[in-house]
Amino acid sequence: MSNNIIEHVVLFKVKDDVAPSEVDAMVNRINSLNSLDQTLHLTMAPLLSFRSTQASLNFTHILHARYNSKHDLEEYTVHPSHVAVVKVNAPLCQDIMAFDWVANENLRGESVILAPGSAIQVTLFKLKEGFEDRVDEILRAVMEIQEELKTKGAVQVTCGDNFSPGRAKGFSMASLVVFPGLKELEAADSHVDIHKNHKIKDYLECVMVVDFVVPSLTASN
């Protein structure tokens, strides 16, 4: 596999008045996009938890996908099947936020397809104004924290800076940590809180943390 896997995350806030059956249909439509040739891995799931230091933000579901290159992500974005799913799902959503980054070398040699039941924590960071030049320094600190999480049960970690700012609401960096299951995530989360680390907390304006589990219905390519 490529050493430059693209992580693609989309957060959705489903409208409160959408029927559960419609939400299920929306999730299934997005999960069906896992069959597209450009997609290495794709899963859509409800959030188990959502935490944000910005009170106005609130999301209910997450899409996490992986691609071999920015080109493959671009082809997925304009693919007729993806465009059709976006068109049908759009009226069901109150808010959407998207984020893309190039996975660091921690993914080298790892499987890009995440097993059903894997528990994932995604942390998004928005920097205070004037600290844009500290991105590399902050990412190095995040990687150090991720290595600590690997000693506490994490099986895969990536982080990077966002290269698609248009729908990211000002968030510029992300961390993704994969655990074998929810039990391991909860145990590690009680010991390590990335955004409170002394090396980076003073640079941050807002942090968003979401947890979800890869559903068993996820199909593999």
Side-chain angles (χ1 to χ4, degrees), residues 1-12 27 29-45 47 59 61-86 89 96-116 118-127 132 135-136 138-140 142-143 146-147 149-150 154-179 194 208-212 214-215 218-221:
M1 65 171 233
S2 166
N3 292 329
N4 297 311
I5 295 298
I6 303 301
E7 300 274 28
H8 175 61
V9 167
V10 183
L11 293 169
F12 303 82
V27 170
R29 281 191 291 269
I30 294 178
N31 276 322
S32 72
L33 298 174
N34 198 29
S35 64
L36 298 183
D37 290 340
Q38 297 84 359
T39 303
L40 297 174
H41 168 79
L42 183 149
T43 187
M44 169 79 161
L47 295 178
F59 295 97
H61 290 73
I62 188 170
L63 160 69
H64 171 230
R66 286 173 164 173
Y67 303 88
N68 253 327
S69 64
K70 292 181 180 180
H71 176 72
D72 283 356
L73 173 58
E74 291 166 358
E75 285 200 338
Y76 160 83
T77 301
V78 300
H79 193 285
S81 296
H82 175 254
V83 173
V85 166
V86 170
N89 287 344
I96 294 178
M97 175 178 171
F99 204 98
D100 302 305
W101 71 97
V102 180
N104 52 23
E105 291 188 356
N106 281 332
L107 260 189
R108 181 178 295 174
E110 300 284 347
S111 173
V112 297
I113 300 174
L114 299 176
S118 299
I120 303 177
Q121 183 169 94
V122 177
T123 306
L124 302 180
F125 306 90
K126 180 189 290 187
L127 298 184
E132 293 80 7
V135 169
D136 289 343
I138 296 169
L139 285 176
R140 284 194 296 270
V142 170
M143 284 188 276
Q146 288 182 330
E147 287 302 311
L149 285 168
K150 289 177 75 172
V155 294
Q156 199 174 98
V157 297
T158 80
C159 64
D161 57 320
N162 181 33
F163 62 79
S164 302
R167 295 190 298 163
K169 301 185 185 295
F171 287 80
S172 58
M173 292 183 296
S175 161
L176 184 143
V177 183
V178 182
F179 295 87
I194 291 178
M208 187 188 311
V209 184
V210 300
D211 299 336
F212 69 101
V214 176
T218 302
S220 61
N221 287 345

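Remember, it's a predicted structure, so these values are computed and weren't measured experimentally.
- Taking the ring-ring contact (aromatic ring centres under 6.0 Å, His included) definition, one finds that Y67 meets it with Y76, sequence neighbours left out.
- Nearest heavy atoms, V178 versus S118: CG1-CB, 4.1 Å.
- Contact annotation: the side chain of F125 approaches that of V142 to within less than 4.5 Å [non-hydrogen atoms, C-beta and beyond].
- Distance check, rounded to the nearest 0.5 Å: OG1 of T123 to CE of M208 gives 10.5 Å.
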Stepwise, does the side chain to side chain contact (heavy atoms under 4.5 Å, CB included) test hold for H41 with H64?
CA-CA 8 Å; H41 168 79; H64 171 230; 4.0 Å; yes
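- The distance from atom CG of N4 to atom OG of S69, rounded to the nearest 0.5 Å, is 9.5 Å.
- Interatomic distance, L11 CG to L63 CG, rounded to the nearest 0.5 Å: 9.0 Å.
- Scanning all heavy atoms of the two residues, the minimum distance from V155 to E110 falls at O-OE1, 4.1 Å.
- Among residue pairs with one or both ends in residues 155-178, those qualifying as salt bridge (Lys or Arg N to Asp or Glu O under 4.0 Å) are D95-K169; sequence neighbours excluded.
- Between L176 and W101 there is a side-chain heavy-atom pair separated by less than 4.5 Å.
- Take H8 and apply the ring-ring contact (aromatic ring centres under 6.0 Å, His included) test, not counting sequence neighbours, and it matches no residue.
- Looking only at side-chain heavy atoms (C-beta outward), I30 and H61 stay at 4.5 Å or farther from each other.
- Proximity of a side-chain donor or acceptor of Q146 to a complementary backbone N or O of T158 within less than 3.5 Å is detected.
- F99 places a side-chain heavy atom less than 4.5 Å from the side chain of L124.
- Between M173 and C159, every side-chain heavy-atom pair lies at or beyond the 4.5 Å cut-off.
- L114 is listed as a side-chain neighbour of Q156, based on a closest heavy-atom distance under 4.5 Å.
- T43 has its side chain within reach of N31: a pair of non-hydrogen atoms, C-beta onward, lies under 4.5 Å apart.
- E7 and A103 make their closest contact through CG-CB, 4.1 Å (heavy atoms, listed as atom of the first residue, atom of the second, distance).
- Among residues at least two apart or in separate chains, there is no salt bridge (Lys or Arg N to Asp or Glu O under 4.0 Å) pair with a member in residues 67-84.
- Among residues two or more places apart in sequence or in another chain, the side chain to side chain donor-acceptor pair (under 3.5 Å) test is passed with S164 by D100.
- Note that CD of Q38 and CG of L33 are 10.5 Å apart. Values are rounded to the nearest 0.5 Å.
- When all heavy atoms of L47 and F59 are compared, the closest pair comes out as CD1-O, 3.5 Å.
- Here the side chains of V86 and H82 are in contact, with some heavy-atom distance below 4.5 Å.
- Atom CG of L73 and atom CD1 of I5 lie 12.0 Å apart (nearest 0.5 Å).
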Does V157 form a side chain to side chain contact (heavy atoms under 4.5 Å, CB included) with S175? I'd like the steps, not just the answer.
CA-CA 7 Å; V157 297; S175 161; over 6 Å; no
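- Not counting sequence neighbours, F179 has no partner by the ring-ring contact (aromatic ring centres under 6.0 Å, His included) test.
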